Amino acid sequence: MNFSLARTSLIAEADLVGIAGERAVCDPRGVLYFPDLRLLAVSDLHLEKGSSLARRGTLIPPYDTGATLLRLQAVISDYQPSIVISLGDSFHDGGGAQRMHASFRERLEALMAGRQWFWVAGNHDPEAPADLPGETVRELGLGSLLFRHEPSKQRVEGEIAGHLHPCARIVQQGRSVRRRCFAGDGGRMIMPAFGAYTGSLNVLDRAYAGLFRLDTLMAYMLGADRIFAISRSMLRPG
Amino acid sequence: MTEQPRLAEQNAAVALPEPFIRWFGEKGWSPRAHQIELLAKAQAGQSVLLIAPTGAGKTLAGFLPSLTELASRPKRKPGQAQRGIHTLYISPLKALAVDIERNLGKPVEEIGLPVTIETRTGDTPAHKRQRQKLVPPDILLTTPEQLALLIAAGDAKRFFEDLRYVVLDELHSLVTSKRGHLLALGLARLRSFVPGLQTIGLSATVAEPDELRRWLVSQNPPKGSTGPDMAELIVVTGGAKPEISILDSEERVPWAGHSARYATPEIYREIKRHKTTLLFVNTRSQAELLFQELWRVNEDTLPIALHHGSLDVAQRRRVEKAMGENALRAIVATSTLDLGIDWGDVDLVVHVGAPKGASRLAQRIGRANHRMDEPSKAILIPANRFEVLECRAALDANYLGAQDTPPLINGGLDVLAQHVLGCACGAPFRADDLFEEVRTAAPYVSLDRPTFDRVIDFVATGGYALKNYERYARIRLNKDGFWRVSNPRVAQQYRLNVGTIIEVPALNVRYVQAGSKGSASRGGRVLGKIEEAFLETLTHGDTFMFAGKVLRFEGIRENECFVSNAPGSDAKVPYYGGGKFPLSTYLAEQVRIMLDDPQRWKKLPEQVADWLRFQADKSVLPKRDDLLIETFPRGNRHYLVAYPFEGRLAHQTLGMLLTRRLDRAGARPLGFVATDYALAIWSLGDMGAMFKARKPSLGALFDQDMLGDDLEAWLADSWLLKRTFRNCALISGLIEKRHPGQEKSGRQVTVSTDLIYDVLRSHEPDHILLQATRADAATGLLDVSRLADMLSRIQGRIVHKALEQISPLAVPIMLEIGKMPVNGDADETLLMDAATLVEEAMGPGMVEE
């Protein structure tokens, strides 16, 4: 075990969430870390979304890839995982990896160096990203866990997925607060989107119907430096 | 009085064609002096600004040059080419264009003029627009947005080649907004198509007529040309002075609040005494509340109606029609009825709440009695004690003829970006030419070339330092030096996004059966639209007021909000919506002067004068240029109350900045609240003692340098700036507007402007759109310039009163604490509360699974 002191101190026992028997940290920056497996999962990076929209005439700032990679760099340097799983829609479209600016490509490759890196295929990026290391898989099973992009229709214990970009909303004192969130019922977990330009969809939306056990569903809402665990009864649609 | 008609007749002989003289004669009228004067100036080739009160025959005056010229124009021979538009009329309201078509049609028909008049608005069907392009009317009545669209069409130059006049109605209200910027650019374009073009501006009274006069004609004229840099000015004074009074209520005037509920019976009594009463309020929520209260006391079931911008259009048209037919006794209205549309015989205007600006008051009172020679009658109803002072000041100002329309501001760069793309859609342009053209528009007089070039770069590729989008450019510079649209899709996108009016996301409000959540029955009536932001704070079963009813919130489904009737219940959730105007600088000064002059208190109601005397006794009243600061403990907190009277926006900005400073000084501030008149900050530390020890001194605390780094640091993360950025992003064409029917596509498809803002700010803080955003926020939501003026005025003039307890003057703002939502970083606290609730309810074990 080469857990550094700094890293272990990041993880308080109380912050751990159980998923099918495995223990994980829902990091408020939007990544999931399994200390026992030294595995970091991140979902829906949507790299090169800016340039993807630019092709269709919407010239939004071309800095999203840089911003997303900077944030990813920060969590990777904190946890130093040996395995990284990018849970699909890593690039906003099939040509994304090719369009990526050389400086960003270098930054990404530096992050990947020395780790096992898995690209899970997503609906935006079904093929392996061009000219990048890492292994592209449709889904990935590890112990009791199953990593895939879209959550399966039938209930699968231990499934970690992305795709839906969950967020949750509460109303307190006449004010509404909406945040990205992890959504989990103890059996499966859907991760928030990580990309700088990614939007989000409320966990109470019909798109989530049938995915969770409603009595144990929790939204782990992302705060500035902590997670707020909110039970389903407090959540509002929209 | 006898001189005027004679003068008119003399002039008439020169300028007015025979059929017109006959028509005036048949009507038993004679043309008014200003109508003839305007005609003479126009015939001499000049552009003119006509400033006249309502009822002075402004519209006819504005069109007389066109009508007389068209009357004497030789008939078109068969086989001759179609003539283009002769006169373009532009008004801020669609309804106004429609109204003018009716009003102008009558004399044209009676005089027997061969003149065609048509409207072109967003409601005009496509086939009619097509036909207008082929067979243009002589006079086209339209809006600024439609002008922008016409200019962006490939045939624009030909379409406008016969244009002689542009008539701009309600000019005073057009020029102060981004719509005015877009219109000024459009006008510049028209002038480049038709160099001899003349403009005629029609305006209510304004503070600085010269600003409008410059606005109407070409600025920065190219070398060698000798055109005047201001339009000719005609001012019609007079009109009978309005009879305005302040309600001297027998009831107690409340300390705070905006409802004026106390005065309802007295208002009702006035309604009964008059034929038709128009009741103006400042916000939609006030309108709803007053309407409810009036019906509560309406024993005679008088026909009293409600009119505001969120109501369903059909409902509004019904009210307007009933008003025109004089079928109503009273109408409660917000600013939607502000502009010059004539309806019915209003013989009393009641203004509930303070008018916030002397000009606005004059405009609204002008609604009563649209004949110039009869006095209008108006009653002001202050909703609280500070408003009594404000009403008194406004009233004195109106008698003095004071005006306080906001100063014109420099043209927005986001608007310029939209215009540049529009020009490119119309025809290829050279940057040198367009730059010269743009600088002829008054709002862009001081635009510099580097900034202009950055705007072009923005339109082309987004203007980013990281040159990543060259291959996706929307416009390209060709070898011949002309910029061209890179493909036809760009023009299509442009047409869908033209204009500067950003609609707040709003949902339809639809009736359903109580408890149905809307799933079963979807057939209910639509009552109007409500802002999404308000609906987000509601929970199933909450009751609120809308469309004159108390409604129960049943739920939201796609883009509709379902409600049911909740008769008999009180509305639980207050609805803060609609426009809020800040107190004008001029009126603020008047209030300060009044506070400083006990002689003038005699005109105030006794209870209000008493309040001021108490204040003088317990604390002190500020001198007119002083800033009074009171500090006092209350409960286990310490309070600072400042009375700058600079309006809510400036106070809010000041509150944010002072809180930061007090925090650094160790005062541990907890929050603040701002009104139009005062600012209160509360803290754990004893601020009074800190100021006494000069740690810090008040002079240092209120030093102007707070507008430097502190402002910058606070702004960076402020929701205010994000909201402003959204507007700039939409207007500049960075992202597309959301159109009806697209809502269903959901949040995942579009990129939120908040996310774009965050990314852009951290990677290219100097980007031109952020520059435009900061400029906007400084003049708009933050009112920084006003704050700066105030901070420089009060240097060395801060009066500190350390009190043992709350002063009389502080009571109103102290009552606001807790009532108003405080914006800031409270979100995390709310989340914390919610999470704690869960932990308490379920125990920590459950949360962690």
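First the proteins, then the strands, lettered A, B, ... as listed; each starts at 1. When reading the values below, keep in mind they use all heavy atoms of this one structure, side chains included, and skip hydrogens, waters and symmetry mates. All of these numbers come straight from a predicted model, not from anything done at the bench.
The candidate with the highest count of non-hydrogen atom pairs below 4.5 Å against chain B, out of A:His101, A:Met221, A:Arg169, is A:Arg169. Per-residue counts of heavy-atom pairs under 4.5 Å with chain B were compared for A:Pro237, A:Gly184, A:Ala54; the largest is that of A:Ala54. Most heavy-atom pairs under 4.5 Å with chain A: of the set B:His767, B:Arg489, B:Gln493, this distinction falls to B:Arg489.
Contacts of A:Asn123 classified as side chain to side chain donor-acceptor pair (under 3.5 Å), with partners at least two apart in sequence or in another chain: A:His149, A:His163. With sequence neighbours excluded, no residue satisfies side chain to side chain donor-acceptor pair (under 3.5 Å) with A:Ser43.
When all heavy atoms of B:Val759 and A:Ala196 are compared, the closest pair comes out as CG2-CB, 3.8 Å.
If you measure heavy-atom distances from A:Arg236 to chain B, the contacts under 4.5 Å come from the side chain alone.
Proximity to chain B among residues 56-65 of chain A is limited to A:Arg56, A:Gly57, A:Thr58, A:Leu59, A:Ile60, A:Pro61, A:Pro62, A:Tyr63, A:Asp64, judged by heavy-atom separations below 4.5 angstrom. Along residues 461-470 of chain B, the residues that come nearer than 4.5 angstrom to chain A, judged on non-hydrogen atoms, are B:Thr461, B:Gly462, B:Tyr464, B:Ala465, B:Leu466, B:Asn468, B:Tyr469 in order of number.
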